[in-house]
Each structure stands twice: as C-alpha cells, then as structure tokens.
Enquirer: 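Have a look at the structure that comes next, please.
Here the structure is a predicted model, which is why all the values come from computation and not from measurement. When reading the values below, keep in mind they use all heavy atoms of this one structure, side chains included, and skip hydrogens, waters and symmetry mates.
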Number of protein chains: 2
Amino acid sequence: MAQSSDVNLLMTRSISPNDLLIRRLQSIHPVSNEEIRALRDLPLEIASLEPGHDIVRMGERPTQCCVVIEGFTCIYKLTSDGGRQIMAIHVPGDIPDIQSLHLGVMDFGLAPISSCTVGYIPHEKIQQVCDTYPRLGVALWRETLIDAAIYRDWMLNIGQREAFGRVAHLVCELMMRLKAVGLTEGSSFKFPVTQANLADAFGISSVHMSRVYGMLAKQGLLLVTRTHITVLDWDELQEAGDFDPTYLHLERNAPA
Amino acid sequence: MAQSSDVNLLMTRSISPNDLLIRRLQSIHPVSNEEIRALRDLPLEIASLEPGHDIVRMGERPTQCCVVIEGFTCIYKLTSDGGRQIMAIHVPGDIPDIQSLHLGVMDFGLAPISSCTVGYIPHEKIQQVCDTYPRLGVALWRETLIDAAIYRDWMLNIGQREAFGRVAHLVCELMMRLKAVGLTEGSSFKFPVTQANLADAFGISSVHMSRVYGMLAKQGLLLVTRTHITVLDWDELQEAGDFDPTYLHLERNAPA
DNA sequence: AGAGGCTCCCAACATACGTTAAGCTCGAGT
DNA sequence: ACTCGAGCTTAACGTATGTTGGGAGCCTCT
C-alpha cells in the first residue's frame with residue numbers, strides 16, 4: 001500500500017516534518033510550488049511530548065504555533081466540577097492552535113493524547129509568509145474555518161446521537177483525515193489513545209466507552225487494540241455513524 | 001437606561017442597519033474612522049423572515065453573506081433519523097455565514113428562530129473592503145475565530161453539564177453578547193424563541209426544556225415569558241452555568 | 001366570541017448512561 | 001520471569017433525561 005510506505009518515508013527522514021503541513025494544506029486548498037518552497041523553509045523547533053504535559057494552557061498568550069508531526073493531540077476545556085470535554089483531536093499535519101495568531105488569549109488547553117512530536121513556528125514567521133503569499137493566508141483562514149466545521153459536526157454528534165453512533169462517526173472522521181495525509185494502513189490506522197480520553201471526547205463515562213467499543217466489535221464493525229483501530233465494515237460503520245464527509249471540506253473525498 | 005434608548009434609536013431609523021455590524025466588530029477589534037465609513041457604505045439588501053423558511057440551506061454555495069439586523073437566527077444540522085442540533089444562535093450584528101467567503105459549500109443550514117430582519121452583502125463587496133482595508137480582513141477572520149470559540153464552549157456545555165447548567169450558561173452568554181451591541185434592557189432582553197428550538201440547541205427534549213425552565217424559575221434565577229428573559233440573580237446564574245466570558249473575546253467584559 | 005392551532009406544562013413510565021467497585025490483562029521495568 | 005501499575009472489562013444499581021399522551025393557556029383568524 002502507498003500509505004504504509006509513506007509512514008516509512010517519514011521514519012527514514014526522507015520527507016521533512018514540514019511536508020506534513022504542506023500535505024495537509026494541499027488537501028484543502030491549492031498550493032503553488034513557490035508557496036511550497038516558502039512553507040518548507042519555515043523553521044520548525046521540534047519537541048517530543050507525552051500525555052499529561054500540556055502544550056499550551058488555557059489563559060496563556062502564545063507567541064508561536066504548533067504543528068503536529070507524529071501522534072495525536074487534543075483541545076480540551078474543564079468545568080469547575082472536574083469534567084473535561086475534548087473538543088478536537090488533531091492528526092499529523094494539523095496546526096492545533098493556529099487561532100492564536102489572531103486571538104490573543106487561549107480559551108482552551110492543548111495537550112497530547114498519545115506520545116507525539118510537534119514542531120513550533122513563531123507567529124511572526126507565519127505572518128511574514130502570509131504577507132508575502134496572501135493565498136497562503138487564505139489557506140490558513142480556510143484551515144481555521146474547517147476546524148470550526150468539525151466543531152459543528154462534533155456538536156451534532158454529541159447532542160443528537162447515542163454513544164454508539166458517536167463513536168462510529170469519529171472513527172469514520174479519523175479514517176478520512178488520516179488518509180488525507182497518507183497515514184492510514186489499508187483499512188486500519190495507528191491510534192494509541194486511551195478509552196478514558198475518548199470518553200471525554202464523546203461526553204460519556206469511560207465505563208460506557210468500553211461498553212460501546214464492545215458493541216461495535218460484537219457487531220463486526222470495528223477491531224480495536226490499545227494501539228490500532230481496524231475498520232472491518234466501512235459501509236456499515238458509515239451507516240451507524242450517519243457519516244457524511246462534506247464537513248471536512250477535503251478537495252477529493254475518497255472512501256477508505 | 002442607555003440600552004433601551006439604543007433600541008428606540010434603531011426603531012426610529014436614526015442608526016442604519018450597518019451600524020449594528022460596526023458595533024459588533026468594534027466590540028471585538030479596533031476599527032478606525034475610515035474603516036467605519038467603508039463599512040457604512042456597504043450595500044445591504046434588507047429582508048424580513050419568519051421561522052420555518054431557511055436563509056441558506058445545507059449544500060448550497062452562497063455568493064453573499066447575511067447580517068442579522070433584528071431578531072435571532074441559528075445554525076443547525078440534521079441527523080438522518082430526524083434529530084436537529086442547533087449549534088449557534090446569532091444576535092443582531094452577527095454575520096452567521098461569514099465562513100461562506102472561503103468555504104464554498106455550506107455544511108449547515110441557517111434559519112430564523114424568531115421573526116427577524118437580515119441584510120445581504122455580496123461576497124465581492126466584502127472582498128473589496130478587505131483588500132482595501134486589510135485590518136478589516138483580520139477583524140473578520142477574528143470574527144470567525146470567535147464563532148469557533150463559541151462552538152467550543154457549547155460543546156463543553158452539551159458534553160459535560162447537566163441540562164440545568166446548560167440553560168443557565170446560555171442565558172449568561174446571550175446576556176453578554178446582546179449587551180455588547182446595546183440590546184439589553186436592564187437585566188432582561190427580548191427573546192421570542194420557542195422552547196422546542198432551545199431544546200434542539202441543548203440536545204434535550206422539549207419536555208425536559210420545560211422542566212428545566214421551571215426549575216430555574218423556582219430557584220429564583222430567571223423569569224421567562226414567551227418573548228422575554230429576565231435575569232433575577234446574575235451571580236447565582238453565572239454560578240449555576242459555570243460561566244466564564246473569556247471565550248467571547250470581547251474587548252471589555254462588564255457583567256450585566 | 002368561537003374555533004383552531006401552536007406552545008407550554010404535567011404525570012407516568014421507559015431507558016441510555018453514570019457510578020461504584022471489583023477483577024482482569026497487558027506491557028514496562030527490574 | 002516476576003512485579004507493579006495503568007488501562008480495560010464486567011456487574012449491580014441509581015438517575016437524568018426520553019417518550020407518550022393528555023390538558024391548559026394563549027394567539028390569530030373568521
């Protein structure tokens with residue numbers, strides 16, 4: 001499969017971390033060769049992170065943005081009585097806090113939900129690139145708009161579907177987003193995220209999360225391990241999750 | 001009160017519909033006098049709408065944006081089995097579909113949830129203003145980022161709080177947003193939205209919506225009629241809704 | 001003023017999901 | 001190979017909320 005060799009390419013360092021960002025932007029907006037060169041020249045300060053240590057904390061005023069290079073991060077907020085809602089999950093190529101470019105104060109926390117590596121880019125560098133190549137500025141704006149579109153879809157998911165459907169829906173979403181950056185391996189993908197974290201993303205308890213995974217497995221839709229998710233029946237899963245990929249605004253929507 | 005006379009000013013047509021948009025942008029971003037003039041010159045095609053008729057439908061590709069002038073509109077999505085999730089409520093001054101500027105296909109529906117009047121502005125006119133005054137482009141980008149911040153907060157609300165807290169939270173939010181455009185009347189505001197609509201915004205049934213309103217009234221936090229909401233105890237309401245206005249990113253956050 | 005239609009309210013009952021608590025499994029480290 | 005802890009699973013029981021259905025209040029139109 002082309003996808004799994006892409007993973008290997010990344011491992012062997014023959015594609016640079018910036019290429020994931022480029023791939024992501026290409027998946028939602030046309031990017032010229034000159035713009036690609038500009039993106040490739042962006043300085044990335046690489047860091048390895050483990051769950052439990054925030055990347056940016058609520059209330060901070062960051063002066064840089066973060067690009068996910070490997071692993072998964074999430075956006076979350078807490079209620080005063082200890083509840084945690086995860087409201088976004090990021091895959092490699094995403095810029096989780098791109099909004100900090102124009103919204104000074106962070107109104108959410110950003111944290112790894114698997115061990116992961118990220119790259120930091122100073123705001124001013126991004127600003128410079130946008131000034132020189134206005135179409136890249138539009139691409140980044142578009143990126144933030146798609147983030148919002150995903151928020152909307154999650155709200156539909158959490159507000160109107162039962163837990164079973166919510167999980168099916170998210171798995172479909174992750175499958176498509178990972179495929180867009182070439183990180184699926186056939187009909188499965190690496191996803192070392194605990195059920196407790198997922199529960200917080202669905203607004204359910206971790207006990208119920210376990211129940212639902214069990215039901216999905218029993219019905220032959222999914223096969224889940226601690227590190228991977230395998231889709232056994234894409235059509236049924238899409239049906240169960242009432243999934244329509246329009247909201248991802250990908251240039252070309254191919255099923256897995 | 002200054003607020004209620006503002007309402008009268010609007011009635012008597014001594015402020016133009018564009019002024020609400022200007023007021024909204026000023027509440028989140030500095031706007032120069034020259035920029036104000038440019039905004040005032042934007043052509044607005046006015047329309048009166050009733051609930052039940054969509055403003056823009058899912059899947060369409062609008063060539064104009066809509067500004068709310070009076071009343072309330074909402075963004076919604078449907079599940080295949082008939083559920084409806086309202087994921088945003090707009091107050092006068094808001095541009096509900098500003099995202100259509102850079103995201104061709106609508107991935108949600110936009111509809112009035114009270115009788116209301118809106119104004120339409122062609123995309124190209126907005127584009128021109130942004131090209132001439134880049135800071136206005138940034139202000140609009142910022143506007144879309146704040147929309148996203150509100151989505152995030154709603155997700156926390158729906159995913160982690162019980163219905164009682166959800167309702168308290170939203171009332172706090174509406175109070176502050178309406179105050180920012182001068183549309184509160186002391187500690188109350190006009191809000192002719194049915195409980196069935198609100199139920200769809202909270203992800204609960206309309207029966208439960210009624211229960212919760214009853215509880216809020218019984219505890220002396222709120223007084224609700226078909227057309228108005230009056231906050232009886234702002235501090236308690238804020239407490240009950242676990243409300244922190246940071247996410248609204250208003251320039252100055254004054255309590256009601 | 002009466003009829004019809006929304007909207008809201010209330011009561012009885014059903015259920016998806018939360019909570020608690022107890023084992024179990026797996027992988028990391030010695 | 002053994003230990004230990006984090007994560008997962010299962011069961012029993014409690015509750016917030018859904019559903020159904022009936023009735024009361026309140027507009028609007030005739």
Side-chain angles (χ1 to χ4, degrees), chain A residues 50-53 72 79 81-86 112-115 157-169 190-219 222-229 240-242, chain B residues 50-53 72 79 81-86 112-115 157-169 190-219 222-229 240-242:
Chain A
E50 293 300 319
H53 305 280
F72 299 89
T79 60
D81 57 336
R84 181 178 71 144
Q85 178 65 37
I86 290 179
I113 48 172
S114 76
S115 57
N157 210 27
I158 295 170
Q160 298 297 322
R161 283 193 267 265
E162 303 195 336
F164 187 84
R166 292 182 210 174
V167 177
H169 190 96
K190 195 178 175 201
F191 195 64
V193 174
T194 67
Q195 293 188 9
N197 278 320
L198 284 173
D200 285 345
F202 294 126
I204 64 179
S205 67
S206 65
V207 171
H208 200 52
M209 184 65 225
S210 169
R211 282 199 274 250
V212 171
Y213 255 166
M215 292 163 72
L216 281 159
K218 179 137 59 176
Q219 300 204 0
L222 235 53
L223 199 149
V224 178
T225 72
R226 265 155 222 249
T227 56
H228 288 261
I229 293 182
D242 189 21
Chain B
E50 293 300 320
H53 305 280
F72 299 89
T79 60
D81 57 337
R84 180 178 71 143
Q85 178 66 36
I86 289 180
I113 48 171
S114 76
S115 57
N157 210 28
I158 295 170
Q160 299 297 323
R161 283 194 268 265
E162 304 196 335
F164 188 84
R166 291 181 211 175
V167 178
H169 189 96
K190 195 177 174 201
F191 195 65
V193 174
T194 67
Q195 294 188 10
N197 278 320
L198 284 173
D200 285 346
F202 294 125
I204 63 179
S205 68
S206 64
V207 172
H208 200 51
M209 183 66 225
S210 170
R211 282 199 274 250
V212 171
Y213 255 167
M215 293 164 72
L216 282 158
K218 180 138 58 176
Q219 299 201 199
L222 235 52
L223 200 148
V224 178
T225 71
R226 266 156 221 247
T227 56
H228 288 260
I229 293 181
D242 189 21

Enquirer: Find the distance Leu198(B):CG to dC9(C):P and express it as a whole number of Å.
Expert: 12 Å

Enquirer: Rounded to whole angstroms, how far apart are CD on Gln160(A) and C1' on dA16(C)?
Expert: 15 Å

Enquirer: Which angle, rounded to 10°, do you find between the first-five-pair axis and the last-five-pair axis of the helix from dA1(C)-dT30(D) to dT30(C)-dA1(D)?
Expert: 50°

Enquirer: In B/S/- notation, 5' to 3', how is nucleotides 17-25 of chain D contacted by protein heavy atoms closer than 4.0 Å?
Expert: SBBB-----

Enquirer: Give the rounded distance in Å between these two atoms: CG of Asp81(A) and P of dT19(C).
Expert: 10 Å

Enquirer: Taking CD from Glu50(A) and C1' from dA6(D), how many angstroms apart are they, rounded to a whole number?
Expert: 14 Å

Enquirer: Under 4.5 Å between any side-chain heavy atoms of Ser114(B) and Phe191(B), yes or no?
Expert: no

Enquirer: Would you please name every residue forming a side chain to side chain contact (heavy atoms under 4.5 Å, CB included) with Asp242(B), sequence neighbours left out?
Expert: Thr79(A), Ser80(A), Arg161(B)

Enquirer: Suppose we screen for side chain to side chain contact (heavy atoms under 4.5 Å, CB included). Which residues come up paired with His228(B), at least two apart in sequence or across chains?
Expert: Glu185(B), Lys190(B), Thr225(B)

Enquirer: Taking side chain to side chain contact (heavy atoms under 4.5 Å, CB included) as the definition, give me every residue that meets it alongside Gln219(B), ordered by chain and number, with sequence neighbours left out.
Expert: Phe164(B), Leu221(B)

Enquirer: With side chains defined as the heavy atoms from C-beta onward, is the minimum distance between Gln85(B) and Ile158(B) less than 4.5 Å?
Expert: yes

Enquirer: Using whole Å, what does the distance between atom P of nucleotide dC8(D) and atom CD1 of Ile229(A) come to?
Expert: 11 Å

Enquirer: Return no unless some side-chain N or O of Gln195(B) is found under 4.0 Å from OP1 or OP2 of dC9(C).
Expert: yes

Enquirer: Taking side chain to side chain donor-acceptor pair (under 3.5 Å) as the test, write out the residues that go with Arg84(A), two or more places apart.
Expert: Asn197(A), Asp200(A)

Enquirer: Please examine the side chains of Met209(B) and Val167(B), heavy atoms only from C-beta on, and report whether any two atoms are closer than 4.5 Å.
Expert: yes

Enquirer: Rounding to a whole Å, what distance do you find between Tyr213(B):OH and dT7(C):P?
Expert: 14 Å

Enquirer: With no hydrogens and no angle check, do the side chains of Arg211(A) and His208(A) hold a donor and an acceptor under 3.5 Å apart?
Expert: yes

